[in-house]
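The structure appears below as structure tokens.
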Amino acid sequence: MDFSQIDWGDIALATLDTLTMTGASLLFTVLLGLPLGVLLFLTGKKQLLEQGFLYGVLSVVVNILRSIPFIILLIVLIPFTLILMGTSLGVPGTIPPLVIGTTPFFARLVENVLREVDKGIIEACQAMGAKTWQIIWHALLPEALPGLLAAATVTTIALVSYAAMSGVIGGGGLGDLALRYGYQRFQTEVMVVTVFILIVLVQLLQFAGDKLVLKFTRK
């Protein structure tokens, strides 16, 4: 393999695109997925706002979206992405399917994390007359913070993988570069470099996530 033939400018630009897609999608995923996960938890059986029907509807929607392979979701959402972003290509065209694909995943993780919170904390807040929003904001979320950070880390790594996959439909980033040059033009060295960058990126994200979890874990 001749690595001297690689256009490192393209590699740098593709890496930046991947980071942009991941960062922007993570922001919207958390903004949408956190409230959805909290709502799933609150409306679940024997919880503060138990609503069997609402929980059932939300759970079915989340499960349906989670069951669709992301590569298919990318294609199915092209008309919606065109309406929303004006294009289905590049970084802008990739963000909507990334958000829609990972929000249900993150919401389910949030629900599971909140279920692990000691019920005694909630009961103590209720005994003191705290309202539901006060329990959520001042007790539930702070207590679950390490678990939520771990969930966000897992979701971020999934987003990196999905962002790379979006190259199949011209989504840009490292996945698109690997497909166009590494696969279609048989430039194996480009494929090797993109895979190496993705591995390093995932390792760094996991390391940073673990550090944050450790920092906010109550001893």
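The analysis underlying the following values was restricted to heavy atoms, covering all of them including side chains, and did not include hydrogens, waters or symmetry mates. All residue numbers refer to positions in the sequence shown, counting from 1.
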Completion exercise
Looking only at heavy atoms, the pair that brings Met85 and Pro96 closest together is CG-CG, 3.5 Å
Handout entry: Hphob cluster co-occupancy, Ile95 + Leu82, side-chain heavy atoms under 4.5 angstrom
Key = no
Problem - Min side-chain heavy-atom separation Asp210-Leu214 under 4.5 Å - result: no
Exercise for the section: Any chance you could measure Leu98, atom CG, to Met165, atom CE, to the nearest 0.5 Å? Expected result: 10.0 Å
Practice task
Identify the heavy atoms of Ile136 and Pro142 that sit nearest to each other, and give their distance.
Solution key: O-CD, 4.1 Å
Handout entry: Glu50/Lys46 salt bridge by N-O under 4.0 Å criterion
Key = no
Handout entry: Joint cluster assignment, Leu19 & Phe196, ILVMFWY side-chain distance < 4.5 Å
Key = no
Exercise for the section: Spell out, yes or no, whether Leu73 and Val91 are grouped together once hydrophobic residues are joined by side-chain heavy atoms under 4.5 Å, including indirect joins. Expected result: yes
Handout entry: Within-4.5 Å side-chain heavy-atom neighbours: Ile157 and Leu201
Key = no
Handout entry: Joint cluster assignment, Leu205 & Ile197, ILVMFWY side-chain distance < 4.5 Å
Key = yes
Handout entry: Residue pair Ile100 / Phe80, side-chain heavy-atom distance below 4.5 Å
Key = yes
Completion exercise
What one should report as the nearest heavy-atom pair of Leu74 and Ser166 is CD1-CA, 3.6 Å
Exercise for the section: Decide yes or no for Glu111 and Val38: does some side-chain heavy atom of the first lie under 4.5 Å from some side-chain heavy atom of the second? Expected result: no
Problem - Closest approach of Thr18 to Leu174 (non-hydrogen atoms, all atoms of both residues) - result: OG1-N, 2.9 Å
Exercise for the section: Could you check if a side-chain atom of Tyr55 sits within less than 4.5 angstrom of a side-chain atom of Leu42, using non-hydrogen atoms only? Expected result: no
Practice task
Could you grab the distance from atom NZ of Lys131 to atom CG of Leu48, nearest 0.5 Å is fine?
Solution key: 15.0 Å
Practice task
For the pair Ser25 (side chain) and Thr22 (backbone), establish whether a donor and an acceptor sit closer than 3.5 Å, ignoring hydrogens and angles.
Solution key: no
Handout entry: Candidate list Leu58, Leu114, Val110, test side-chain contact (heavy atoms from CB on, under 4.5 Å), partner Leu40, passing option
Key = Leu58
Exercise for the section: Indicate yes or no: at least one non-hydrogen side-chain atom of Arg108 is less than 4.5 angstrom from one of Ser59. Expected result: yes
Practice task
Spell out, yes or no, whether Phe70 and Leu26 are grouped together once hydrophobic residues are joined by side-chain heavy atoms under 4.5 Å, including indirect joins.
Solution key: yes
Handout entry: Check against side chain to side chain contact (heavy atoms under 4.5 Å, CB included), Phe41 and Leu140
Key = CA-CA 11 Å; Phe41 169 75; Leu140 199 60; 3.5 Å; yes
Exercise for the section: Report yes if some heavy atom in the side chain of Gln134 is under 4.5 Å from a heavy atom in the side chain of Cys125; otherwise report no. Expected result: no
Problem - Short side-chain donor-acceptor distance under 3.5 Å, Asn112 and Glu116 - result: no
Problem - Residue pair Thr29 / Thr102, side-chain donor-acceptor N/O under 3.5 Å - result: yes
Handout entry: Shortest non-hydrogen contact from Pro35 toward Val30
Key = CD-O, 3.8 Å
Handout entry: Spacing of Leu198 atom CG and Gln203 atom CD [to the nearest 0.5 Å]
Key = 11.5 Å
Fill in the blank from the handout: Heavy atoms of Leu148 and Phe106 approach each other most closely as O-CE1, 4.4 Å
Problem - Leu32/Leu36 under side chain to side chain contact (heavy atoms under 4.5 Å, CB included): CA gap, chis, key distance, verdict - result: CA-CA 6 Å; Leu32 296 173; Leu36 178 57; over 6 Å; no
Practice task
Indicate yes or no: at least one non-hydrogen side-chain atom of Phe105 is less than 4.5 angstrom from one of Val154.
Solution key: yes
